[in-house]
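Please read these numbers as outputs of a predicted model, since none were measured by experiment.
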Amino acid sequence: MLNNVYENDLGYMVGTFYSNVFECDIDVWYKKHISREYVEKNIQYLNDLDNDFLLSICAALKRYYEDYKRSLPDLCEDIPYDILHDFEKEPRSILKYVNIGVYKFDEFRIDEEEIPVINLRGSCEWSGDEGITIAAKNNQLLYVGPWKNFNVWDSRWNTMFNYATPIEK
């Protein structure tokens, strides 16, 4: 499942896997003392995501896109117009506009080892240099929005520009 694993200059173990959700290879980063078994268990979790949970991620991506387009229309001139064209029929269609490059694993306590986590970073068609982060823990979406160095085990994250939950009007 995890291929081509090596230690990089920063002391992280780096490997790749194929994501069924994003239909591409994704790099994985984790510290040496985090077990490969733990990493692969979470990769399997991502690849086998519950459909309702995946749809909640897609809905959050849609909120991120719509707010970005509303807030920065001048920067959106080169964005493909069809991002939301098929969303109502197939919400997962928005995933083709997201390019996840890294699945990062942070340190955790032993009693947290069985809790599934997602901590994805990459780019998307609409956000230019801001990129994207998608983070979840224990089947709860924590963050979807501009790229952040997000740690799913830290409860002190900034909720500004977080599209994980619907925006209240």
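- The aromatic rings of Trp126 and Tyr65 sit perpendicular to each other, their planes meeting at more than 60°, with 30° as the lower class boundary.
- The shortest distance between side-chain heavy atoms of Tyr68 and Pro146 does not fall below 4.5 Å.
- Here the CD-NE2 distance, from Glu107 to His33, works out to 3.5 Å after rounding to the nearest 0.5 Å.
- Of the charged side-chain nitrogens involved, at least one lies within less than 4.0 Å of a carboxylate oxygen, so that Lys62 and Glu66 count as a salt-bridged pair.
- The heavy-atom pair separating Ser19 from Ile26 by the smallest distance is CB-CD1, 3.5 Å.
- Rounded to the nearest 0.5 angstrom, Ile132 CD1 and Asn99 CG are separated by 10.5 Å.
- For the pair Ile115/Phe108, no side-chain contact is recorded, criterion being any heavy-atom separation below 4.5 Å from C-beta on.
- The salt bridge (charged side-chain N to carboxylate O under 4.0 Å, His left out) contacts involving residues 6-31 comprise Glu7-Lys32, where partners must be two or more places apart or lie in separate chains.
- Residues Asn42 and Tyr30 are not in side-chain contact: their nearest non-hydrogen atoms beyond the backbone lie 4.5 Å or more apart.
- Smallest separation of non-hydrogen atoms from Phe53 and Ser56: O-OG, 2.6 Å.
- A side-chain donor-acceptor contact under 3.5 Å links Asp106 and Asn119.
- For the atom pair Glu130 CD and Phe161 CZ, the distance stands at 7.5 Å (nearest 0.5 Å).
- Grouping Ile, Leu, Val, Met, Phe, Trp and Tyr residues whose side-chain heavy atoms lie under 4.5 Å apart, directly or via other members, places Tyr12 in a hydrophobic cluster with Tyr6, Leu10, Val14, Trp29, Val102.
- A single hydrophobic cluster is seen to contain both Leu61 and Leu54, as judged by linkage of ILVMFWY side chains at heavy-atom distances under 4.5 Å, directly or through other members.
- Shortest non-hydrogen contact noted between Tyr38 and Ser35 is N-OG, 3.0 Å.
- Atom CZ of residue Phe105 and atom CD1 of residue Ile118 lie 9.5 Å apart, to the nearest 0.5 angstrom.
- Leu55 is not connected to Val98 by any chain of hydrophobic side-chain contacts under 4.5 Å among Ile, Leu, Val, Met, Phe, Trp and Tyr, and they are in different clusters.
- In this structure, the side chains of Val21 and Arg92 stay at 4.5 Å or more apart for every pair of heavy atoms.
- Minimum heavy-atom separation, Tyr64 to Cys124: CE2-SG, 4.1 Å.
- Considering CG of Asn139 and OH of Tyr45, their distance stands at 3.5 Å, rounded to 0.5 Å.
- Side chains of Asn138 and Pro116 form a contact here, defined as non-hydrogen atoms less than 4.5 Å apart.
- Leu49 and Leu141 fall within a single hydrophobic cluster, where Ile, Leu, Val, Met, Phe, Trp and Tyr are joined by side-chain heavy atoms under 4.5 Å apart, directly or via other members.
- Salt bridge absent: Lys96 and Glu125 never bring a charged side-chain N and a carboxylate O closer than 4.0 Å.
- Trp153 and Leu142 fall within the same hydrophobic cluster, where Ile, Leu, Val, Met, Phe, Trp and Tyr residues are linked whenever their side-chain heavy atoms come under 4.5 Å apart, directly or through other members.
- When all heavy atoms of Ala164 and Ala60 are compared, the pair lying nearest together is CA-CB, 4.1 Å.
- Under the rule for a side chain to side chain donor-acceptor pair (under 3.5 Å), the partners of Glu40 that lie at least two apart in sequence or sit in another chain are Arg36.
- Phe17 and Leu46 get closest at one heavy-atom pair: CZ-CD2, 3.9 Å.
- Annotation: side chain of Phe22 is in contact with side chain of Ile134 (closest heavy-atom distance under 4.5 Å).
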(message) As a quick check of understanding, evaluate side chain to side chain contact (heavy atoms under 4.5 Å, CB included) for Leu95 and Tyr97, giving each step before the final call.
(response) CA-CA 5 Å; Leu95 295 174; Tyr97 299 99; over 6 Å; no

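- Between Ile100 atom CD1 and Cys24 atom SG the span is 7.5 Å, to the nearest 0.5 Å.
- The hydrophobic clustering, which links ILVMFWY residues whose side-chain heavy atoms are closer than 4.5 Å, places Val28 and Met1 together.
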